[in-house]
Amino acid sequence: MLVDSHCHINFPELAGDLDGVVDRMRGAGVTHALCVSVSLETFPEVLAIAQRFPNIYASVGVHPGHHAGAEPTAERLVELAAHPRVVAIGETGLDYYRETGDLTWQRERFRTHIQAARRCAKPLIIHTRQAAEDTLEILQSEGASEVGGVMHCFTESLPVAERAMAMNFYISFSGILTFKNSRTLQDVAGKVPLKRMLIETDSPYLAPAPYRGKTNEPAYVRRIAEQISRIKQVDFSQVAQATSANFFSVFKVTPDHPPAGSFNPEAGAR
Ligand SMILES: [Zn+2]
Ligand SMILES: [Zn+2]
């Protein structure tokens with residue numbers, strides 16, 4: 001059993017072939033996936049996928065690199081997160097690589113997501129790029145450790161991973177771990193304990209070797225588990241078992257049943 005903890009299969013590269021995507025997941029032993037929201041405008045697509053496929057979950061959030069659409073309020077996020085197929089808030093965080101100038105709006109939006117996550121007691125999916133220090137500072141000051149979550153597509157140093165783990169975050173590794181030039185990140189993965197590790201594709205981007213440059217998809221998460229097995233010199237089955245168990249633990253879902261809680265917008269809006 002393998003789980004892809006972060007994918008965007010609602011994006012145009014994959015959305016036209018969802019049955020194929022899900023078939024190939026099954027063929028590769030990838031039993032579950034989390035389809036991650038990047039905007040309020042596209043959240044309905046994400047939710048529709050999670051409603052159609054019982055083994056695919058949804059999150060709700062607005063990506064730090066998205067600025068075309070509606071700005072989320074904590075109330076709105078909590079309301080949308082009340083749907084039983086929604087297991088997390090995000091992706092959210094800071095991206096000082098993609099965005100420049102006065103990024104106060106990005107930090108405010110990040111705080112809003114953390115506040116929403118605390119209100120609805122759901123874990124956070126964190127995106128951070130060239131902004132590790134501010135990301136950790138905001139997680140700390142907003143009390144994110146109360147809900148924890150995932151540092152997705154992790155490319156930071158071991159000390160950053162350790163500080164995130166101390167705030168109840170898991171560290172998720174993507175296809176970047178399979179790239180020849182990612183030696184530093186491989187060393188970090190060697191030191192993050194399996195019991196705090198997740199794996200993800202971030203598809204349709206970042207296809208792992210040997211598919212680098214092609215359209216990525218959840219089935220390829222197997223390559224990342226294989227790479228971790230090589231780096232840590234442990235059995236593949238051990239990596240698969242641990243990362244899957246971690247997924248079900250952090251997102252509070254059981255493999256055969258929908259997540260706990262029922263859809264009640266009234267309760268969610270409190
Ligand atoms: Zn991201
Ligand atoms: Zn993503």
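Just so you know, these numbers come straight off a predicted model, no measurement behind them. Excluded from the calculations below are hydrogen atoms, water molecules and symmetry mates; all remaining heavy atoms, backbone and side chain alike, are included.
Using a 4.0 Å cut-off between charged nitrogen and carboxylate oxygen, Arg24 and Asp17 count as a salt-bridge pair. Between Asp187 and Arg183 a salt bridge is recorded (basic side-chain N to carboxylate O distance below 4.0 Å). A salt bridge links Glu75 with Arg119: the closest approach of a Lys/Arg side-chain nitrogen to an acidic carboxylate oxygen falls below 4.0 angstrom. Residues Glu133 and Arg163 are paired through a salt bridge, judged by an N-O separation under 4.0 Å between the basic side chain and the carboxylate.
Residues Tyr211 and Tyr220 bring their aromatic ring centres within 6.0 Å. Here the two rings, on Phe110 and His113, have centers that are 6.0 Å apart or farther.
Atom CZ of Phe248 sits in a crowded spot, with more than 12 heavy atoms from other residues, nucleotides or ligands closer than 6.0 Å.
In this model, no donor atom of one side chain and acceptor atom of the other lie less than 3.5 Å apart for Gln106 and His67. Under 3.5 Å, the side chains of Ser141 and Arg111 contain a donor-acceptor pair of N or O atoms.
Taking CD of Gln115 as the reference point, atom OG1 of Thr73 lies at 11.0 Å (rounded to 0.5 Å). For the atom pair OH of Tyr57 and CD1 of Ile49, the computed distance is 15.5 Å after rounding to the nearest 0.5 Å. Note that the SG atom of Cys153 and the CD1 atom of Ile171 stand 12.0 Å from one another [nearest 0.5 Å].
If you chain together hydrophobic residues whose side chains sit under 4.5 Å apart, Val86 and Ile89 fall into the same group. Note on Val192 and Phe236: same hydrophobic cluster, where clusters join Ile, Leu, Val, Met, Phe, Trp and Tyr whose side-chain heavy atoms are under 4.5 Å apart, directly or indirectly. Hydrophobic clustering places Leu2 together with Ile224 (ILVMFWY residues linked when any side-chain heavy atoms are closer than 4.5 Å, directly or through intermediates).
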I would like to know whether Ser203 and Glu217 meet side-chain hydrogen bond (donor to acceptor under 3.5 Å, both in side chains); could you show each step before the answer?
-> CA-CA 5 Å; Ser203 51; Glu217 59 176 78; over 6 Å; no
Evaluation steps, salt bridge (Lys or Arg N to Asp or Glu O under 4.0 Å), between Arg222 and Asp4 = CA-CA 9 Å; Arg222 169 172 282 272; Asp4 182 358; over 6 Å; no
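For the side-chain contact (heavy atoms from CB on, under 4.5 Å) with Ser5, the lone residue among Glu200, Met197, His32 that qualifies is Glu200. For the side-chain contact (heavy atoms from CB on, under 4.5 Å) test with Val221, the passing option among Thr243, Thr201, Asn216 is Thr201; the others fail. Remark: of the listed residues His8, His152, His127, His127 is the sole one forming a ring-ring contact (aromatic ring centres under 6.0 Å, His included) with His63.
Counting only heavy atoms from C-beta outward, the side chains of Thr155 and Thr128 never approach each other to under 4.5 Å. Proximity of Ile9 to Ile56: side-chain heavy atoms (C-beta onward) are separated by under 4.5 Å at one or more points. Counting only heavy atoms from C-beta outward, the side chains of Leu94 and Leu103 never approach each other to under 4.5 Å.
Geometrically, Arg129 does not engage Tyr96 in a cation-pi contact defined by less than 6.0 Å to the ring centre and at most 45° from the axis.
Considering every non-hydrogen atom in both Pro72 and Thr112, the closest pair reads O-CG2, 3.6 Å.
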